> 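Provided herewith is a single structure, encoded as structure tokens, for subsequent inquiry.
Numbered from 1 within each chain, the chains take letters A, B, ... in sequence-line order. Values below: all heavy atoms of this structure, side chains included; hydrogens, waters and symmetry mates excluded. Source: prediction; values computed, not measured.
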There are 4 protein chains.
Amino acid sequence: MTPLPHNRDEAPSPQKHDAILGAALELFVERGFHGTAVPAVAERAGVGAGTIYRYFENKEALVNALYQKWKTALASRVLEGFPVDVAPREQFQTIWRRMSDFVLEHPRAFAFLELHHHASYLDAASHAIENNVVEFATEFVRRAQAAKALKAVSPAVLMAVVNGAFIGIVRGSWEGRLELSRENLAAAEQCCWDAIRY
Amino acid sequence: MTPLPHNRDEAPSPQKHDAILGAALELFVERGFHGTAVPAVAERAGVGAGTIYRYFENKEALVNALYQKWKTALASRVLEGFPVDVAPREQFQTIWRRMSDFVLEHPRAFAFLELHHHASYLDAASHAIENNVVEFATEFVRRAQAAKALKAVSPAVLMAVVNGAFIGIVRGSWEGRLELSRENLAAAEQCCWDAIRY
Amino acid sequence: MTPLPHNRDEAPSPQKHDAILGAALELFVERGFHGTAVPAVAERAGVGAGTIYRYFENKEALVNALYQKWKTALASRVLEGFPVDVAPREQFQTIWRRMSDFVLEHPRAFAFLELHHHASYLDAASHAIENNVVEFATEFVRRAQAAKALKAVSPAVLMAVVNGAFIGIVRGSWEGRLELSRENLAAAEQCCWDAIRY
Amino acid sequence: MTPLPHNRDEAPSPQKHDAILGAALELFVERGFHGTAVPAVAERAGVGAGTIYRYFENKEALVNALYQKWKTALASRVLEGFPVDVAPREQFQTIWRRMSDFVLEHPRAFAFLELHHHASYLDAASHAIENNVVEFATEFVRRAQAAKALKAVSPAVLMAVVNGAFIGIVRGSWEGRLELSRENLAAAEQCCWDAIRY
DNA sequence: AATGAATGAGGCTTCATTCAT
DNA sequence: GATGAATGAAGCCTCATTCAT
């Protein structure tokens, strides 16, 4: 009957929630988790310092929410509607292109996810997402290896090489050593395929 | 370069100096720079908190000294007596093997150098060392490209791919996804050569 | 000049601001600036240690704010509505009486201002106030000298004698050698007039 | 029989003792007692930090020794061979001139003694010297008052006025407002005599 | 529900003092 | 006897978190 029902027990405005995550992303990328003050996040988000604690239990919960949000986004981007019936070469290209699209659209999110060392504060839920992605990639590699499309090398090694190379390109762009252009990304893609192909 | 006194006036014990750097290395790898308290470094080093400041002007000077020490060690390891008159393939293998040796001997040092994002506190001297290494690598790539041994792709991209892949292997081992064995390192080496060769 | 917010962003409680200044005054008088710990100021003010930094950027800003507050108060007390059209003798008496009133009302503030050596931490704004007072006094002396009311001696010397004598009386009372009574202050006033009169 | 006997239980080199007191004088004048670090005193004195503790039990003992040394020197300068049989006017002039000589020869010592507030760390021995001086001055004033040479005002007030005025002159010179010349000192002397004479 | 002033624990750093050399 | 490296208590200040409004 009322135009808009009052939210159940907590009534978080999604705008504030996102503003906080956005501010945290910027600051965590610049100065890292431990180097960023919660009141600084609040100020950048345009909310009161106390407000952050209505949306996140504490600073660690905030960084985990941020990690999960973007890791999930990246995973979805790569996995959703993944082409099952095409050749491994094309599948690989698809993965690479989707990651490229993601990094070009959300450079800070990718930098936060992959350029920082989160070991000391990520929780189980965060690790679980990463594990899902790894599982998917492992499956892809195994199938492609069975089809003699990829080198007969431990999947973990092939994945580390390709993922590391991709992150290396992004890192190079953050350090000003190269431009994060489609051209460079495509060149790197060819390199990485050559790296792992049979 | 000189094994002489380190900072203020006289020459304090090199053992303490090294104990502090060793403790800082362990903690910075585990918890990052901002996540590590100076008194925690002192305790792990077995010295008083104030003692750290006899050897390093402040926390930032400590992390830069640590970075420079190990980045220099890594660079020396790769560059000293670098074989000039052999084929690019062999040169590449030499570089990769020397980095592998370094990682296997000093896994924490490499993790500190390459698994963390140091942008917010490294000083000019630290950057200068990294730049030297990059210059050397760029020169190697250009020569090999001139000899038609490597792909005609921007050197920065090829270097980012290979360096990223190497770091990816190390990262994978820290995350428990693969074993940092000579076998895996050798397999990755072949991948990376395939990635960049003409 | 404005009774508005004091520093960072918003307008914190003026009571706390004053409580901190009051506590700082007591402690700085007792133990000096360098001899007083900021947490001790907080405790005496009945606030948390961190609260001080919501009102003052650091310890030096606190001592300068305190100096400026009371130096301004003393200057206003002496200068406001200063009688221009009376004889130098009466003007002198007015100055002396106003300073006496101030000392009797705010003995600790005067002790803080004049019994301590602030050279190592006062900022330009603090010096500026003192300079204004000195300028006013110089002008008074010059006019009275022109009227042959005062000795033809360097104004700085006459001012140093009178100001020093006044401070000497206050110092004597803090050291328990004399009573800071109106009677003693009046006697000293006559002495000082005799000291400088033509 | 030995050329120079070993000193009893402590064998302090008078040169080092004096070097420490000299360094302490300079630093205490500049930054005050609490603002001066003991190692800084040692460095300025050209001795080891630990050496200071062979000559003085602790920092407080050092500042008291310094105070006593110079307060005694000042008192001796004024009191030794004080002319008993001359007129109060001449006696006053003698006192003033002797203080002037002292301040011109040892400006830092006088600044240390009189421009700083020592209340929180002076011990009984230090106070005793000051009391002696005050007693002497009181006696002088009383006799001169009995001879109708000085105003019939509480001796403590007259002494506070003159001593304060003298310190005011010195303070003015430290603050750069006047020159500490014999001429200015003589002018101030005349003022002060006029201040207290009958 | 939102705020931001307030807090105090904890971080970085200094320094009075000690003690092995 | 002299030293100065070493220490740890204590000082200044920041910041994650709370709570009154």
> Taking all non-hydrogen atoms of both residues into account, name the closest pair between A:F56 and A:A61 and its distance.
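Where A:F56 meets A:A61 most closely, the heavy atoms are CD2-O, 4.3 Å.
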> Please list, by residue number, the residues of residues 14-37 of chain D whose heavy atoms come closer than 4.0 Å to an atom of DNA chain F; answer none if no residue qualifies.
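When residues 14-37 of chain D is checked for heavy atoms under 4.0 Å from DNA chain F, the hits, listed by number, are D:K16.
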> To the nearest Å, how far apart are B:N58 CG and E:dC12 P?
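Between P of E:dC12 and CG of B:N58: 11 Å.
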> Could you tell me whether B:F28 and B:H116 have their ring centroids closer than 6.0 angstrom?
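No; B:H116 has its ring centre 6.0 Å or more from that of B:F28.
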> Indicate the atoms forming the closest heavy-atom contact of C:V47 with C:I20, along with that distance.
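Residues C:V47 and C:I20, closest heavy atoms: CG2-CG1, 4.2 Å.
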> Are D:F112 and D:H118 near enough that their ring centres are under 6.0 Å apart?
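Between D:F112 and D:H118, the centre distance is under 6.0 Å.
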> When the distance from NZ of A:K59 to P of F:dT17 is rounded to whole Å, what number comes out?
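Checked: the NZ to P distance equals 8 Å.
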> Which distance, rounded to the nearest 0.5 Å, do you find between the CG of D:L25 and the OG1 of D:T36?
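Result: 10.5 Å between the selected atoms.
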> Find the distance B:I52:CD1 to E:dC15:P and express it as a whole number of Å.
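One finds 18 Å between P of E:dC15 and CD1 of B:I52, rounded.
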> Over how many whole Å does the gap from A:Y55 atom OH to E:dT3 atom C1' extend?
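Rounded to whole Å, this separation is 12 Å.
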> Rounded to whole angstroms, how far apart are CD on A:E43 and C1' on F:dA16?
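Spelled out: CD on A:E43 to C1' on F:dA16 is 16 Å.
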> For residues D:W174 and D:V29, determine if any side-chain heavy atom of one lies less than 4.5 Å from a side-chain heavy atom of the other.
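D:W174 reaches D:V29 side chain to side chain.
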> Mind checking if C:V38 touches a base, just sugar-phosphate, or nothing, with heavy atoms under 4.0 Å?
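C:V38: backbone/sugar contact only, no base atoms under 4.0 Å.
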> For C:R108, I'd like to know if atom CZ has over 12 heavy atoms of other residues, nucleotides or ligands within 6.0 Å.
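It does not: C:R108 CZ has 12 such atoms or fewer within range.
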> If you only use heavy atoms from C-beta on, which nucleotide in F:dT17, F:dT3, E:dT13 is closest to the side chain of D:T51?
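Nearest to the side-chain atoms of D:T51, counting from C-beta on, is F:dT3.
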> Let's see if you can work this out: which of F:dA6, E:dT3, E:dT13 has an atom nearest to the side-chain heavy atoms of B:R54?
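When the side chain of B:R54 is considered, F:dA6 is the closest of F:dA6, E:dT3, E:dT13.
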> Using Watson-Crick and G-U wobble pairs with both distances under 3.5 Å, what is the 5'-to-3' dot-bracket string of DNA chain E, with [ ] for crossing pairs and | for pairs outside the strand?
.||||||||||||||||||||
> Nearest to the side chain of B:Y53, which nucleotide is it out of F:dC13, F:dA6, E:dC12?
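That would be E:dC12.
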> Rounded to whole Å, how long is the line connecting atom CD of D:E57 with atom P of E:dA16?
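Nearest whole value for this atom pair: 16 Å.
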> Start at the 5' end of DNA chain F and walk down; is the nucleotide closest to D:A49 or to A:P39 reached first?
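Counting from the 5' end, the first nearest nucleotide belongs to D:A49.
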> Should the ring pair B:Y121 and B:H34 be called parallel, tilted or perpendicular, given that the plane angle runs from 0 to 90° and is split at 30 and 60?
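B:Y121 vs B:H34 ring planes: perpendicular.
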> Considering all heavy atoms of both residues, which atom of C:A24 and which atom of C:L66 are nearest to each other, and what is their separation?
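It is C-CD2, 4.0 Å.
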